[in-house]
Amino acid sequence: MSETIYLLNGPNLNLLGQRQPEIYGYDTLDDVESACRALLPDGLELMAFQSNHEGALIDTIHAARQDGCAIVINPGAFTHTSVAILDALNAFEGIVIEVHLSNVHKRETFRHHSYVSLRADGVIAGLGIEGYAAAIRHILRQLGTDD
Ligand code: CA2
């Protein structure tokens with residue numbers, strides 16, 4: 001049975017809360033994980049993983065095929081470059097929600113295209129860390145575990 005929501009963050013997001021707060025805010029990745037974990041009912045786990053390496057993210061997406069019911073992913077800059085992450089997500093059967101802290105559409109043109117959006121069931125951009133919580137709430141509703 002798939003009982004785990006995977007929370008994946010890509011390159012440089014380990015610096016969240018430490019650099020460029022005018023774009024990405026003051027909360028850290030630990031704050032994000034705690035906020036997401038606090039929303040989960042009994043019986044659902046959160047597997048939080050951040051990597052600066054494309055292959056490590058892909059390996060974790062593959063692992064999610066075994067026990068994952070959903071993936072919340074902020075692929076960072078790989079959003080705009082990685083066909084390999086798209087391919088890995090295409091091999092995953094659960095819910096996929098793509099999250100961006102910033103509104104990528106208000107930024108440079110190269111950030112407007114996302115390979116991951118070709119697979120994502122939903123895309124959230126520009127809500128800061130609230131976007132992750134919104135993604136989790138949506139998944140819980142989809143799974144029917146929000147009451
Ligand atoms: O808005 C987002 O969440 C992004 O995925 C963040 C990526 C960027 O390349 C995407 O276009 C949009 C960059 C993540 C860098 O994260 C940092 C966090 C704090 C300090 C420095 C970098």
Side-chain angles (χ1 to χ4, degrees), residues 2 4-40 44-143 145-146:
S2 296
T4 302
I5 297 176
Y6 281 68
L7 173 63
L8 305 184
N9 280 283
N12 298 309
L13 285 159
N14 52 312
L15 299 178
L16 200 59
Q18 300 172 40
R19 296 275 187 282
Q20 296 181 269
E22 69 286 358
I23 301 177
Y24 299 115
Y26 288 94
D27 293 296
T28 67
L29 209 50
D30 281 348
D31 295 330
V32 170
E33 292 173 17
S34 307
C36 289
R37 206 164 258 119
L39 295 172
L40 295 190
L44 263 182
E45 302 293 325
L46 190 77
M47 199 291 197
F49 180 73
Q50 184 278 330
S51 180
N52 297 321
H53 304 277
E54 191 173 16
L57 292 163
I58 291 167
D59 287 344
T60 308
I61 294 167
H62 290 175
R65 297 178 69 233
Q66 306 309 312
D67 65 346
C69 55
I71 295 174
V72 176
I73 183 167
N74 182 345
F78 291 148
T79 306
H80 319 296
T81 62
S82 182
V83 176
I85 288 177
L86 169 63
D87 287 344
L89 290 169
N90 276 334
F92 174 74
E93 290 185 352
I95 303 166
V96 176
I97 307 294
E98 176 183 352
V99 173
H100 297 287
L101 294 155
S102 63
N103 180 357
V104 284
H105 300 289
K106 244 178 133 178
R107 301 181 65 189
E108 303 96 322
T109 314
F110 68 83
R111 296 187 202 275
H112 297 181
H113 177 263
S114 165
Y115 284 101
V116 170
S117 293
L118 292 167
R119 165 61 180 90
D121 298 297
V123 181
I124 299 169
L127 301 189
I129 72 159
E130 283 175 44
Y132 293 95
I136 297 285
R137 285 198 196 92
H138 172 78
I139 289 163
L140 296 183
R141 274 198 301 277
Q142 293 292 302
L143 297 174
T145 55
D146 61 333

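All ligand and atom numbering here is 1-based and tracks the order in the structure. Side chains included, hydrogens not; waters and symmetry mates left out as well; all remaining heavy atoms used. This chain uses plain numbering: 1 for the first residue, then up along the sequence.
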Inset, instruction - Could you tell me whether some N/O pair between Leu101 and ligand 1 is separated by less than 3.5 angstrom? - result: yes

Legend entry - Atoms in ligand 1 flagged as close to Gln20, the criterion being non-hydrogen separation under 4.0 Å: 21 (C), 22 (C)

Legend entry - Numbered atoms of ligand 1 (with element) below 4.0 Å of Arg19, judged on heavy atoms: 19 (C), 20 (C), 21 (C)

Legend entry - Side-chain donor-acceptor contact under 3.5 Å, Asn52 with Gln50: yes

Inset, instruction - May I ask whether His80 places a heavy atom under 4.0 Å from ligand 1? - result: yes

Legend entry - Donor + acceptor pair across side chains of Ser34, Asp31 (<3.5 Å): no

Inset, instruction - Count the heavy atoms of every other residue, nucleotide or ligand shown that sit under 6.0 Å from CD of Gln142, and state whether that count exceeds 12. - result: yes

Inset, instruction - Among all protein heavy atoms, pick the one closest to atom 4 (C) of ligand 1 and tell me residue, atom and distance. - result: His100 ND1, 3.7 Å

Inset, instruction - Please report which non-hydrogen protein atom sits nearest to atom 17 (C) of ligand 1, along with the residue it belongs to and the distance in Å to one decimal place. - result: Asn12 O, 3.4 Å

Inset, instruction - Answer yes if the side chains of Asn9 and Tyr132 hold a donor-acceptor pair under 3.5 Å, and no otherwise. - result: yes

Inset, instruction - Examine the proximity of ligand 1 to Ile23 and report which part, side chain or backbone, both or neither, has a heavy atom under 4.0 Å away. - result: neither

Inset, instruction - Could you check if a side-chain atom of Ile61 sits within less than 4.5 angstrom of a side-chain atom of Tyr6, using non-hydrogen atoms only? - result: no

Inset, instruction - Look at the rings of His100 and His80 and say which category their plane angle falls in: under 30° parallel, 30 to 60° tilted, over 60° perpendicular. - result: parallel

Inset, instruction - Please answer whether the main-chain N or O of Thr79 pairs with a side-chain N or O of Ser82 as donor and acceptor at a distance below 3.5 Å. - result: no

Inset, instruction - Heavy-atom distances under 4.0 Å are what count here, so tell me which part of Arg111 touches ligand 1: side chain, backbone, both or neither. - result: side chain

Legend entry - Contacting atoms of ligand 1, where contact means under 4.0 angstrom from a heavy atom of Ala77: 9 (O)

